[in-house]
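Beneath this line is the structure, given in structure tokens, with notes to follow.
Numbering of residues begins at 1 and proceeds along the displayed sequence. Remember, it's 1-based here, ligands and their atoms both numbered in the order they're listed. Note: hydrogens, waters and symmetry copies are ignored here, and every other heavy atom, side chains too, is used. The model shown is predicted, which means the values in this text are computed figures rather than measured ones.
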Amino acid sequence: MPRKPPIKLPTPESRRVGFAIVGLGKLSVEQLIPAVRTSQEGYVAALVTSEPDKGVEFARALGLKDSDVYTYEGFEGLADRADVEAVYIVLPNSLHREFITRAAKMGKHVLSEKPLGMNAKDAQKIVQACHKAGVLLMTAYRCQYSPHHWAARDAVQGAQLGAVKLLDSIHVQVEDDPTVWRLQKELAGGGPLPDVGIYSVNTLRFVTGQEPEWVFATLHQPKKDKRFREVEESVSFMLGFPDGVTANVHTSYGAFKTDTLRVMGDRGNLLMDPAFTYEGLKLSIETKDGTMTPSFPAYDQFGLEFDHFAQRVRDGKQPWTPGEEAVQDHVIMDAIYESAHTGKVIQLKAVKKKDAFRGTRPTLPSAEG
Ligand code: NAD
């Protein structure tokens, strides 16, 4: 008789990791809190917000006490909360460094939304603050916890596509609210590049396991449009990977929502469309033998990334996407801006090691059938 697959036993209550969610904006409310509620490894133990009434409403819905809600000024109150072992930073980008540093000083482990900082120097300071305090730091690159993305990576790095020659990726959407923090350089650090273009940069690095050696970029900033007085509307760039493998990327706040990844090898090609949405990712791999579209049991990227970090808090090992992984994206994005402003190709420091900035591999559901 065939053996049944092992049953995943729930993590005992006493081993689950308590998190404080810092920032109750759109992402926390619509994605993270619902995802975390299904987690078997962690749970929400506290909320940090500038709107205490909203915090209390959410706390009650989560079965927490009113006293589990903290303000940004009262953040250090978490220092006395032994049950809060980690914080999840979900604030505008310019505030990441301040809150990560304050959390690290309290000895709390940190999961932070992307982009980690405002630029490579800022992100490096964040990494140093966490090292100094001896706490773990993970960047919430949810796509690196998505089984679809791992299947794409396996196809790229295995024999399926043959030798990979070219890649391309698009991540664009319309940002039509001129007052949003994402269009303010001091809060966002840049325009679509650090917000959505970062998915293309990070995913191209993830699927190849390699680092670009050079970048070349151009950007468009129509300053007469009040949305783009401070940040660019669009950036198009090339990333040069080892052995002449080249990627073309577009990112924009001015074009209708499109998010794709394409990889072309000498024996096959791969398409993800959509490639970066929260749900409904689609992957197809075409070779001379036909087209394959792997499917997976239902999963939630935020839940899987959250579980991975909770496991690392328990075993103390480096997460798969530590702060260093994010510093490298910032190094590349800084070079993209430099290239766009100077018109020059920018050479990057060569990195030979595969997955040079990554830690412990996550355990994820595999394809069905
Ligand atoms: P949001 O505007 O919906 O929420 C931001 C939160 O920060 C709000 O609670 C707001 O009150 C608070 N805040 C504190 N100071 C603020 C200030 N000076 N200006 C504006 N808001 C302030 O933003 P969001 O979409 O939830 O994004 C938060 C973070 O999450 C960002 O770093 C963003 O890049 C990241 N994000 C990641 C994903 C993903 O898929 N991983 C998706 C969306 C956003």
Side-chain touch F228/Y253, heavy atoms, less than 4.5 angstrom: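 Heavy-atom side-chain distance check passes, below 4.5 Å.
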
Does the side chain of V69 reach to within under 4.5 Å of the side chain of L64, using non-hydrogen atoms?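 No, their side chains stay 4.5 Å or more apart.
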
Give the ring-plane orientation class for W150 versus F206, where under 30° counts as parallel, over 60° as perpendicular and anything between as tilted.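 Ring orientation of W150 relative to F206: perpendicular.
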
Students often mix this up, so state it plainly: with edges at 30° and 60°, are the rings of F306 and F19 parallel, tilted or perpendicular?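 Correct class here is tilted.
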
Below 4.0 angstrom, N of the basic side chain to O of the carboxylate: do K105 and E76 qualify?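 Looking at K105 and E76, the cut-off is not met.
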
Can you name the salt bridge (Lys or Arg N to Asp or Glu O under 4.0 Å) partners of D66, sequence neighbours left out?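 Checked D66 against salt bridge (Lys or Arg N to Asp or Glu O under 4.0 Å); matches are R60.
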
Between ligand 1 and the protein, which N/O pairs are shorter than 3.5 Å?
{"from": "ligand 1", "atom 1": "2 (O)", "to": "W181", "atom 2": "NE1", "distance (Å)": "2.7"}
{"from": "ligand 1", "atom 1": "3 (O)", "to": "K26", "atom 2": "N", "distance (Å)": "2.8"}
{"from": "ligand 1", "atom 1": "9 (O)", "to": "L24", "atom 2": "N", "distance (Å)": "3.3"}
{"from": "ligand 1", "atom 1": "9 (O)", "to": "G25", "atom 2": "N", "distance (Å)": "3.1"}
{"from": "ligand 1", "atom 1": "23 (O)", "to": "W181", "atom 2": "NE1", "distance (Å)": "3.4"}
{"from": "ligand 1", "atom 1": "25 (O)", "to": "R182", "atom 2": "NH1", "distance (Å)": "3.4"}
{"from": "ligand 1", "atom 1": "25 (O)", "to": "R182", "atom 2": "NH2", "distance (Å)": "2.9"}
{"from": "ligand 1", "atom 1": "26 (O)", "to": "L27", "atom 2": "N", "distance (Å)": "3.1"}
{"from": "ligand 1", "atom 1": "32 (O)", "to": "L91", "atom 2": "O", "distance (Å)": "3.1"}
{"from": "ligand 1", "atom 1": "32 (O)", "to": "N93", "atom 2": "OD1", "distance (Å)": "2.8"}
{"from": "ligand 1", "atom 1": "32 (O)", "to": "H96", "atom 2": "NE2", "distance (Å)": "3.1"}
{"from": "ligand 1", "atom 1": "32 (O)", "to": "K114", "atom 2": "O", "distance (Å)": "3.3"}
{"from": "ligand 1", "atom 1": "34 (O)", "to": "K114", "atom 2": "O", "distance (Å)": "2.8"}
{"from": "ligand 1", "atom 1": "34 (O)", "to": "K114", "atom 2": "NZ", "distance (Å)": "3.1"}
{"from": "ligand 1", "atom 1": "40 (O)", "to": "R142", "atom 2": "NE", "distance (Å)": "2.7"}
{"from": "ligand 1", "atom 1": "40 (O)", "to": "R142", "atom 2": "NH2", "distance (Å)": "3.3"}
{"from": "ligand 1", "atom 1": "40 (O)", "to": "Y199", "atom 2": "OH", "distance (Å)": "2.8"}
{"from": "ligand 1", "atom 1": "41 (N)", "to": "E113", "atom 2": "OE1", "distance (Å)": "2.9"}
{"from": "ligand 1", "atom 1": "41 (N)", "to": "Y199", "atom 2": "OH", "distance (Å)": "3.4"}

